[in-house]
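Counting starts at 1 for both ligands and their atoms, following the listed order.
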Amino acid sequence: MSPRIAETCLLCGNSDAEVLCEFPELTWVTCSCGLVYKRDESVPEVQYKEEYFGTREGRRRQYDERRKRRISKSRSQILDVLNHTPPGPLLDVGCSLGYTLQAAVDLGLPATGVDISEHAVKVCREQGFAAEIGSFHELPFADGSFQIVIMKHVLEHTPRPREALREIRRVLRPGGGVFIAVPHGGYVKARRNPTGYRWYRPEFHGAEHYAYYTPATMSRLLREERFDPVQVPHPHLVHRRAGIPRKAAEIAVAPLRFVAQRARSLVALDKEFWVTAVCL
Ligand SMILES: [Zn+2]
């Protein structure tokens with residue numbers, strides 16, 4: 001329970017941040033660059049054990065229903081990256097219970113997962129997936145092993161996002177694609193009442209998260225780490241590498257989805273945002 005103090009902004013290095021909300025255990029600040037980050041804390045580190053994944057008895061049915069939805073969402077996200085990079089071996093960083101691995105295998109991609117949670121890796125292996133225990137700060141893979149890296153709700157878990165991105169760059173081939181999903185720092189509920197919102201509260205995500213990005217701050221971080229953010233912040237409306245029936249359906253509903261996406265971002269209803277970037 002040693003207090004960790006980030007005196008300067010994780011993104012721009014300035015120290016002029018203003019307090020956004022304060023709790024006895026931790027403080028969140030907003031930097032002039034737009035990044036919201038945790039300045040100091042004295043809460044114990046989060047353990048990603050079985051409870052974290054919500055699969056205990058009683059929640060099992062809810063989990064099974066969610067699983068189908070998550071695999072389908074992952075498929076769409078992988079297709080987003082395939083609009084910008086050729087198919088190849090995929091690494092899912094923070095692979096959780098294997099939703100993205102399943103979607104990758106369904107798309108015919110060789111897939112590997114990595115997670116700091118022993119429980120998550122065990123569950124993935126039981127399903128027959130390749131998965132390793134490891135941190136995104138030190139990935140247990142050789143340089144240039146992957147064409148695609150998926151990183152969903154991972155980057156907000158580190159006070160050292162630049163190091164994490166360098167490690168991603170190391171395991172990616174040149175021209176490889178990375179898909180990033182993070183909570184949207186501009187989300188209307190989080191902005192309206194930060195002290196009451198679970199993203200900031202120490203008993204909820206406040207303990208495990210270190211920064212909240214917006215499409216602008218994430219793009220800056222990626223560019224500075226030599227990634228080209230090619231699709232921010234919305235999902236693609238049409239996927240080049242989707243099957244013909246799916247692509248036809250996507251083209252038909254694209255105008256409607258476009259309007260819906262714009263409306264949601266205008267009123268800040270997006271709770272998360274997605275970025276696809278290519279390794280330069
Ligand atoms: Zn800053």
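- Side-chain atoms of Asn83 and His239 form no donor-acceptor pair, as typed in the model, at a separation below 3.5 Å.
- Protein N/O/S atoms found under 2.8 Å from the Zn ion (ligand 1): Cys9 SG, Cys12 SG, Cys31 SG, Cys33 SG.
- For the atom pair Tyr212 OH and His205 NE2, the distance stands at 6.5 Å (nearest 0.5 Å).
- At a cut-off of 3.5 Å, with distance as the only test, a side-chain donor of Gln147 or Thr85 sits close to an acceptor on the other residue.
- Applying the 6.0 Å contact sphere to CZ of Arg262 captures no more than 12 heavy atoms from other residues, nucleotides or ligands.
- By the side-chain hydrogen bond (donor to acceptor under 3.5 Å, both in side chains) test, Trp274 is found to be paired with Glu272, residues two or more places apart in sequence or in another chain being considered.
- One finds a salt bridge joining Glu132 and Arg125 here, because a Lys/Arg side-chain nitrogen approaches an Asp/Glu carboxylate oxygen to under 4.0 Å.
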